[in-house]
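A single structure is presented below for examination.
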Amino acid sequence: MTVRFRLDTHLDCPPERAFALSLDIGAHERSLAGTGERAVGGVTSGRIGLGETVTFRARHLGVVWRSTSRITALGPRRRFRCDAPAADRPCRRGEAPHRFVDEQVRGPFARFRHEHRFERAGTGTRMLDDVVVTAPFGPLGRLAEVVVLGRYLQRLLTARNTALAAEAAAVSGADE
(Lines give C-alpha, C1' and ligand atoms only; values in the text may rest on other atoms or scores of the structure.)
Protein backbone atom coordinates (compact mmCIF):
# COMPACT_ATOMS: atom_id res chain seq x y z
CA MET A 1 0.00 0.00 0.00
CA THR A 2 1.18 3.52 -0.70
CA VAL A 3 0.10 6.63 1.19
CA ARG A 4 -1.28 9.40 -1.05
CA PHE A 5 -2.74 12.68 0.10
CA ARG A 6 -3.33 16.27 -1.01
CA LEU A 7 -3.18 19.42 1.09
CA ASP A 8 -4.80 22.68 -0.04
CA THR A 9 -3.48 25.81 1.73
CA HIS A 10 -4.14 29.52 1.18
CA LEU A 11 -1.23 31.97 1.44
CA ASP A 12 -1.71 35.75 1.61
CA CYS A 13 0.96 36.58 -0.96
CA PRO A 14 1.41 36.36 -4.74
CA PRO A 15 2.23 32.92 -6.23
CA GLU A 16 5.78 34.01 -7.11
CA ARG A 17 6.52 34.78 -3.45
CA ALA A 18 4.87 31.55 -2.23
CA PHE A 19 6.93 29.60 -4.79
CA ALA A 20 10.20 31.25 -3.71
CA LEU A 21 9.41 30.76 -0.01
CA SER A 22 8.69 27.07 -0.55
CA LEU A 23 12.10 26.55 -2.20
CA ASP A 24 13.96 28.45 0.55
CA ILE A 25 15.96 26.17 2.85
CA GLY A 26 15.76 28.61 5.79
CA ALA A 27 11.97 28.86 5.50
CA HIS A 28 11.80 25.05 5.45
CA GLU A 29 13.88 24.83 8.63
CA ARG A 30 11.80 27.52 10.37
CA SER A 31 8.54 25.82 9.39
CA LEU A 32 9.68 22.52 10.96
CA ALA A 33 11.58 23.93 13.94
CA GLY A 34 9.69 21.58 16.29
CA THR A 35 11.44 18.59 14.71
CA GLY A 36 14.88 20.19 14.89
CA GLU A 37 15.04 19.90 11.09
CA ARG A 38 18.37 21.21 9.74
CA ALA A 39 19.97 21.13 6.30
CA VAL A 40 23.28 19.26 6.72
CA GLY A 41 24.29 18.48 3.13
CA GLY A 42 23.86 19.63 -0.44
CA VAL A 43 22.20 23.06 -0.62
CA THR A 44 22.11 24.19 3.03
CA SER A 45 20.94 27.80 2.64
CA GLY A 46 19.13 30.04 0.19
CA ARG A 47 16.92 28.74 -2.60
CA ILE A 48 17.33 25.22 -3.96
CA GLY A 49 17.07 24.74 -7.72
CA LEU A 50 16.40 22.15 -10.39
CA GLY A 51 18.64 19.09 -10.09
CA GLU A 52 20.06 20.17 -6.73
CA THR A 53 19.87 18.11 -3.55
CA VAL A 54 19.49 18.85 0.14
CA THR A 55 20.02 16.50 3.07
CA PHE A 56 17.97 17.19 6.19
CA ARG A 57 18.49 15.80 9.66
CA ALA A 58 15.45 15.81 11.98
CA ARG A 59 13.71 13.97 14.77
CA HIS A 60 10.44 12.32 13.75
CA LEU A 61 8.48 9.84 15.85
CA GLY A 62 11.28 9.86 18.43
CA VAL A 63 13.97 8.81 15.92
CA VAL A 64 16.65 10.98 14.28
CA TRP A 65 16.48 10.60 10.49
CA ARG A 66 18.56 11.81 7.56
CA SER A 67 16.86 12.23 4.22
CA THR A 68 18.24 13.53 0.92
CA SER A 69 15.86 14.96 -1.68
CA ARG A 70 16.43 16.24 -5.21
CA ILE A 71 14.38 18.84 -7.06
CA THR A 72 13.36 16.74 -10.08
CA ALA A 73 10.98 19.19 -11.75
CA LEU A 74 10.68 22.96 -11.67
CA GLY A 75 8.41 24.53 -14.21
CA PRO A 76 6.31 27.40 -15.41
CA ARG A 77 2.58 27.77 -15.40
CA ARG A 78 1.11 25.24 -17.83
CA ARG A 79 -1.04 26.66 -20.57
CA PHE A 80 -2.73 23.30 -21.23
CA ARG A 81 -3.47 20.26 -19.09
CA CYS A 82 -1.20 17.51 -20.30
CA ASP A 83 1.41 15.06 -19.11
CA ALA A 84 3.94 16.02 -21.77
CA PRO A 85 7.59 16.12 -20.67
CA ALA A 86 7.68 19.77 -21.75
CA ALA A 87 5.62 20.55 -18.64
CA ASP A 88 8.77 19.90 -16.56
CA ARG A 89 11.00 22.23 -18.56
CA PRO A 90 12.70 25.08 -16.71
CA CYS A 91 11.00 28.48 -16.79
CA ARG A 92 11.54 30.80 -19.72
CA ARG A 93 12.15 34.50 -19.18
CA GLY A 94 8.93 36.23 -18.13
CA GLU A 95 7.10 33.04 -17.16
CA ALA A 96 5.99 32.73 -13.56
CA PRO A 97 6.99 29.37 -12.09
CA HIS A 98 4.11 27.46 -10.60
CA ARG A 99 5.32 23.98 -9.58
CA PHE A 100 8.20 21.92 -8.42
CA VAL A 101 8.72 18.33 -7.36
CA ASP A 102 11.07 17.00 -4.72
CA GLU A 103 11.83 13.30 -4.47
CA GLN A 104 13.79 11.38 -1.87
CA VAL A 105 17.00 9.90 -3.29
CA ARG A 106 18.27 8.57 0.06
CA GLY A 107 16.45 8.16 3.34
CA PRO A 108 13.89 6.25 5.35
CA PHE A 109 11.25 5.67 2.66
CA ALA A 110 11.11 3.25 -0.24
CA ARG A 111 9.58 6.19 -2.15
CA PHE A 112 8.76 9.81 -1.29
CA ARG A 113 7.50 12.23 -3.95
CA HIS A 114 6.10 15.68 -3.15
CA GLU A 115 4.65 17.90 -5.88
CA HIS A 116 4.10 21.55 -4.94
CA ARG A 117 1.77 23.69 -7.10
CA PHE A 118 0.88 27.36 -6.78
CA GLU A 119 -2.18 29.04 -8.28
CA ARG A 120 -3.34 32.63 -8.03
CA ALA A 121 -6.43 32.86 -5.78
CA GLY A 122 -7.75 36.40 -5.57
CA THR A 123 -4.93 38.49 -4.09
CA GLY A 124 -3.23 35.41 -2.64
CA THR A 125 -2.10 31.94 -3.57
CA ARG A 126 -3.63 28.49 -3.44
CA MET A 127 -0.81 26.07 -2.60
CA LEU A 128 -1.47 22.41 -3.42
CA ASP A 129 0.74 19.62 -2.10
CA ASP A 130 0.41 16.15 -3.60
CA VAL A 131 2.39 13.59 -1.62
CA VAL A 132 3.09 9.93 -2.41
CA VAL A 133 4.97 7.84 0.17
CA THR A 134 5.83 4.15 0.30
CA ALA A 135 7.38 2.70 3.44
CA PRO A 136 10.12 0.07 3.24
CA PHE A 137 9.94 -3.42 4.78
CA GLY A 138 7.05 -4.95 2.80
CA PRO A 139 4.08 -6.00 4.96
CA LEU A 140 5.50 -4.32 8.09
CA GLY A 141 5.93 -1.09 6.13
CA ARG A 142 2.36 -1.31 4.86
CA LEU A 143 1.16 -1.70 8.45
CA ALA A 144 3.20 1.38 9.46
CA GLU A 145 1.67 3.34 6.55
CA VAL A 146 -1.85 2.54 7.73
CA VAL A 147 -1.32 2.90 11.47
CA VAL A 148 1.09 5.85 11.73
CA LEU A 149 2.78 7.22 8.65
CA GLY A 150 -0.12 8.67 6.64
CA ARG A 151 -1.61 10.66 9.53
CA TYR A 152 1.79 11.75 10.86
CA LEU A 153 2.95 13.12 7.50
CA GLN A 154 -0.36 14.91 6.89
CA ARG A 155 -0.12 16.61 10.30
CA LEU A 156 3.56 17.45 9.78
CA LEU A 157 3.02 19.03 6.35
CA THR A 158 -0.13 20.83 7.52
CA ALA A 159 1.94 22.39 10.33
CA ARG A 160 4.66 23.27 7.82
CA ASN A 161 2.12 24.93 5.52
CA THR A 162 0.61 26.87 8.43
CA ALA A 163 4.07 28.20 9.30
CA LEU A 164 4.80 29.10 5.65
CA ALA A 165 1.42 30.88 5.41
CA ALA A 166 2.24 32.89 8.56
CA GLU A 167 5.68 33.81 7.22
CA ALA A 168 4.21 34.78 3.84
CA ALA A 169 1.58 36.97 5.54
CA ALA A 170 4.20 38.62 7.76
CA VAL A 171 6.43 39.42 4.76
CA SER A 172 3.42 40.69 2.73
CA GLY A 173 2.31 42.84 5.67
CA ALA A 174 5.79 44.33 6.00
CA ASP A 175 5.78 45.24 2.29
CA GLU A 176 2.62 47.35 2.64
Side-chain angles (χ1 to χ4, degrees), residues 3-61 65-78 88 90-91 95-105 107-109 112-133 149-176:
V3 173
R4 297 174 191 274
F5 62 89
R6 171 178 279 177
L7 299 176
D8 189 336
T9 308
H10 180 80
L11 283 77
D12 288 324
C13 67
E16 298 79 14
R17 183 171 294 151
F19 182 84
L21 190 62
S22 292
L23 286 168
D24 184 84
I25 301 297
H28 180 89
E29 290 175 336
R30 289 186 298 277
S31 72
L32 292 172
T35 68
E37 188 128 345
R38 290 286 168 244
V40 296
V43 177
T44 58
S45 63
R47 190 184 305 178
I48 191 168
L50 182 63
E52 295 180 321
T53 63
V54 60
T55 300
F56 287 106
R57 180 182 183 281
R59 180 177 300 277
H60 295 285
L61 301 169
W65 302 92
R66 286 174 88 92
S67 179
T68 301
S69 293
R70 178 182 316 278
I71 303 300
T72 59
L74 184 122
R77 183 171 314 282
R78 293 182 194 172
D88 288 341
C91 301
E95 289 182 304
H98 89 291
R99 74 182 279 272
F100 69 93
V101 176
D102 63 86
E103 297 186 66
Q104 176 192 280
V105 294
F109 303 111
F112 183 93
R113 183 180 190 277
H114 183 178
E115 180 174 1
H116 311 252
R117 287 181 293 140
F118 306 86
E119 302 171 355
R120 186 165 303 283
T123 59
T125 300
R126 178 182 187 202
M127 181 171 69
L128 296 167
D129 295 277
D130 288 310
V131 178
V132 178
V133 182
L149 194 57
R151 286 187 297 254
Y152 177 77
L153 287 173
Q154 283 184 354
R155 282 194 310 269
L156 181 73
L157 292 177
T158 297
R160 177 185 187 276
N161 288 355
T162 299
L164 285 177
E167 186 166 339
V171 170
S172 288
D175 289 348
E176 294 171 0

Taking all atoms of both residues into account, what is the closest heavy-atom pair of Gln104 and Ser67, and its distance?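 Between these two residues, the closest heavy atoms are OE1-OG, 3.7 Å.
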Which heavy atom in Ala39 sits nearest to a heavy atom in Thr44, and how many Å separate them?
->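 For Ala39 versus Thr44, the nearest heavy atoms are CB-CA, 3.7 Å.
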Tell me, please, which residues at least two apart from Arg4 pass salt bridge (charged side-chain N to carboxylate O under 4.0 Å, His left out).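 Arg4: no salt bridge (charged side-chain N to carboxylate O under 4.0 Å, His left out) contacts found.
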task = Output yes when a side-chain donor or acceptor of Arg30 lies under 3.5 Å from a complementary backbone atom of Gly26, and no otherwise.
result =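 Looks like yes, one N/O pair under 3.5 Å.
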query: Shortest non-hydrogen contact from Glu29 to Phe56?
result: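 Closest approach of Glu29 to Phe56: CG-CE2, 4.3 Å.
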Sidechain-backbone polar pair: Trp65 side chain, Gly107 backbone, donor-acceptor under 3.5 Å: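 Flag not set: sc Trp65 to bb Gly107 has no pair under 3.5 Å.
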Nearest atoms (heavy-atom pairs only) where Ala121 meets Arg126: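 That would be CB-N, 3.9 Å.
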Charged N-O contact under 4.0 Å between Glu16 and Arg120:
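A salt bridge links Glu16 with Arg120.
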Exercise. Could you state the interatomic distance from CG (Leu7) to OG1 (Thr158), rounded to the nearest 0.5 Å?
Worked result: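 Going from the CG atom of Leu7 to the OG1 atom of Thr158 covers 4.5 Å.
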Side chain to side chain, Met127 and His116, heavy atoms closer than 4.5 Å: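 With C-beta onward as the side chain, the pair stays apart.
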Report yes if the side chains of Val3 and Val131 come closer than 4.5 Å at any heavy-atom pair, otherwise no.
->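 When only atoms from C-beta onward are counted, Val131 and Val3 do not touch, as no gap falls below 4.5 Å.
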- request: Give the minimum heavy-atom separation between Ile25 and Val54, together with the two atoms involved.
  value: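 Scanning both residues completely, I find the closest heavy atoms to be CD1-CG2, 3.9 Å.
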Q.
Nearest 0.5 Å, please: how far is CG in Leu128 from CZ in Arg117?
A.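 One finds 5.0 Å between CZ of Arg117 and CG of Leu128.
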Handout entry: From CZ (Arg70) to CG (Asp102), nearest 0.5 Å
Key =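 So the CZ of Arg70 and the CG of Asp102 are separated by 12.0 Å.
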Q. To the nearest 0.5 Å, how far apart are CD1 in Ile71 and NE2 in His114?
A.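 Output value for this atom pair is 10.0 Å.
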For this session: Drop me the distance from Leu21's CG to Thr125's OG1, to the nearest 0.5 angstrom.
Result: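 It is 10.5 Å, given to the nearest 0.5 Å.
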- Item | Thr35/Leu156 under side chain to side chain contact (heavy atoms under 4.5 Å, CB included): CA gap, chis, key distance, verdict | CA-CA 9 Å; Thr35 68; Leu156 181 73; 3.9 Å; yes
Can you pull out every side chain to side chain donor-acceptor pair (under 3.5 Å) where at least one residue sits in residues 46-58? Sequence neighbours excluded, please.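 For residues 46-58, and leaving out neighbouring residues, the side chain to side chain donor-acceptor pair (under 3.5 Å) pairs sorted by first residue read Thr55-Thr68.
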*asked:* Parallel, tilted or perpendicular: which one describes the rings of Phe100 and Phe118, with boundaries at 30° and 60°?
replied: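 Rings of Phe100 and Phe118: parallel, under 30°.
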Determine the minimum heavy-atom distance between Ser22 and Arg160, stating which atoms define it.
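So the minimum-distance heavy-atom pair works out to O-NH2, 3.6 Å.
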(message) Rounded to the nearest 0.5 Å, what separates atom CZ in Phe5 from atom CG in Leu157?
(response)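 Atom-to-atom, Phe5:CZ and Leu157:CG are 5.0 Å apart.
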